[in-house]
Amino acid sequence: MALTAAVPFWRAAGMTYITYSNICANLVRNCLKEPHRAESLAREKVHFSLSKWADGKAQKPVLRSDAPEV
């Protein structure tokens with residue numbers, strides 16, 4: 001039996017679904033008119049903390065952000 005199942009185009013292009021989803025979201029945000037564009041761009045920023053582990057205990061967390069520094 002041959003495998004002839006349809007492959008999603010994002011997978012065929014070598015992307016993950018997250019990458020495809022991020023590209024689509026950026027396109028939609030860029031198509032919005034003001035003030036909706038500014039609001040959506042402000043919501044896309046992500047902040048998280050990262051902790052290194054040593055001897056089974058978490059060290060002091062470091063705050064990170066994917067937002068560009070202004």
Side-chain angles (χ1 to χ4, degrees):
M1 184 165 108
L3 294 175
T4 58
V7 177
F9 65 89
W10 49 267
R11 178 73 68 195
M15 288 190 271
T16 64
Y17 181 76
I18 297 296
T19 303
Y20 165 71
S21 177
N22 285 337
I23 290 169
C24 291
N26 284 332
L27 288 171
V28 170
R29 282 187 208 104
N30 289 331
C31 291
L32 295 173
K33 293 182 181 178
E34 293 297 337
H36 305 293
R37 175 187 252 175
E39 291 173 9
S40 68
L41 289 173
R43 279 195 307 261
E44 80 171 314
K45 297 174 185 165
V46 176
H47 305 283
F48 60 95
S49 65
L50 180 66
S51 297
K52 299 237 179 196
W53 287 75
D55 299 325
K57 296 185 180 188
Q59 304 297 313
K60 183 178 178 184
V62 176
L63 296 178
R64 292 279 179 98
S65 175
D66 72 343
E69 297 296 324
V70 178

Can you give me every donor-acceptor pair (side chain of residues 9-16, partner residue at least two apart or in another chain, under 3.5 Å) with its distance?
residue: Thr16; atom: OG1; partner: Thr19; partner atom: N; Å: 3.2
residue: Thr16; atom: OG1; partner: Thr19; partner atom: OG1; Å: 3.0

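The side chain to side chain contact (heavy atoms under 4.5 Å, CB included) test applied to Ala58 returns Ser51, Trp53, not counting sequence neighbours. Partners of Arg29 under the side chain to side chain donor-acceptor pair (under 3.5 Å) rule, at least two apart in sequence or in another chain, are Asn26, Glu44.
The hydrophobic cluster of Leu50 has no other members, since no ILVMFWY side-chain heavy atom comes under 4.5 Å of it.
Counting only residues at least two apart or on different chains, no salt bridge (charged side-chain N to carboxylate O under 4.0 Å, His left out) pair has a member in residues 31-41.
Val28 and Leu41 fall into different hydrophobic clusters, where Ile, Leu, Val, Met, Phe, Trp and Tyr side chains are chained together by heavy-atom contacts under 4.5 Å. Residue Leu27 is not grouped with residue Leu32 when hydrophobic side chains (ILVMFWY) are merged at heavy-atom distances under 4.5 angstrom, including chains of intermediate members.
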